[in-house]
Amino acid sequence: MNSFANRVRKIVCEIPKGETLTYKQVASLAGSPNAARAVGNIMKLNYDENIPCHRVIRSDGAAGGYNRGEAEKIRKLKEEGAV
DNA sequence: ATAATGACGTGAT
DNA sequence: AATCACGCCATTA
């Protein structure tokens, strides 16, 4: 998989603990500032357990979604120190 | 190539 | 502040 998905995965994997990036930020870093939707789409389709996708949230501050459940995602972020 | 889908974003009501 | 509708992008069928 060498494409947007790969870039996104790498970026998300580089997110430091306690920090959270918005889908828009990730998309922007991936090269497409308006591909927030595509970013989330890729996560859902890839189910990357090696990637801290739980550190990626919406721009509104909402967690968004998670393969384990939004509650788990939020919990993880809170435990890691994310606001 | 076209249509449909989706863990989004922003603006308008 | 909350909700609705539209727009955007990449992927898959």
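Being a predicted model, the structure only gives us computed values, none of them experimental. We name chains A, B, ... by the order of the sequence lines, and we start the count at 1 in each one.
OP1 or OP2 of B:dG9 has at least one side-chain nitrogen or oxygen of A:R58 nearer than 4.0 Å. A sub-4.0 Å separation between OP1 or OP2 of C:dA10 and a side-chain N or O of A:S3 is absent.
For the side chain to side chain contact (heavy atoms under 4.5 Å, CB included) with A:H54, the lone residue among A:E72, A:E80, A:M43, A:R68 that qualifies is A:E80.
Each of B:dG9, C:dA10, B:dA7 was ranked by its minimum atom distance to the side chain of A:K24; first place goes to B:dG9. Nearest nucleotide to the A:S59 side chain, out of C:dT11, B:dG6, B:dT10: B:dT10. Here the nucleotide nearest the side chain of A:A5, chosen from C:dT11, B:dG9, B:dA7, is C:dT11. Looking at the side chain of A:A38, the nearest of the listed nucleotides C:dT11, B:dG6, B:dA7 is B:dG6.
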Check: Going through the checks in order, is the side chain to side chain contact (heavy atoms under 4.5 Å, CB included) test met by A:L29 and A:L21?
Finding: CA-CA 10 Å; A:L29 293 170; A:L21 280 180; 4.1 Å; yes
Margin query: Using side chain to side chain contact (heavy atoms under 4.5 Å, CB included), reason through A:K73 and A:I57 one step at a time and then give a plain yes or no.
Written below: CA-CA 9 Å; A:K73 176 174 178 176; A:I57 62 173; 4.2 Å; yes
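Between the CZ atom of A:R9 and the P atom of C:dA10 there is a distance of 17 Å, given to the nearest Å. To the nearest angstrom, P of C:dC8 lies 16 Å from CZ of A:F4. With rounding to whole Å, A:N34 atom CG is found 14 Å from C:dC6 atom C1'. Between A:Q25 atom CD and B:dG9 atom C1' there is a gap of 13 Å when expressed in whole angstrom units. As rounded to whole Å, 14 Å separates atom P of C:dC9 from atom CG of A:N41. Computed from coordinates, the A:Y23 OH to B:dT10 P distance equals 14 Å when rounded to whole Å. Rounded to an integer number of Å, the gap from CG of A:L45 to C1' of C:dA13 is 12 Å. Atom-to-atom, OH of A:Y47 to C1' of B:dG6 comes out at 11 Å; the value is rounded to the nearest Å.
Atom CG of A:D60 is surrounded by more than 12 heavy atoms from other residues, nucleotides or ligands within 6.0 Å.
Side chains of A:K76 and A:R55 form no contact here, defined as non-hydrogen atoms less than 4.5 Å apart.
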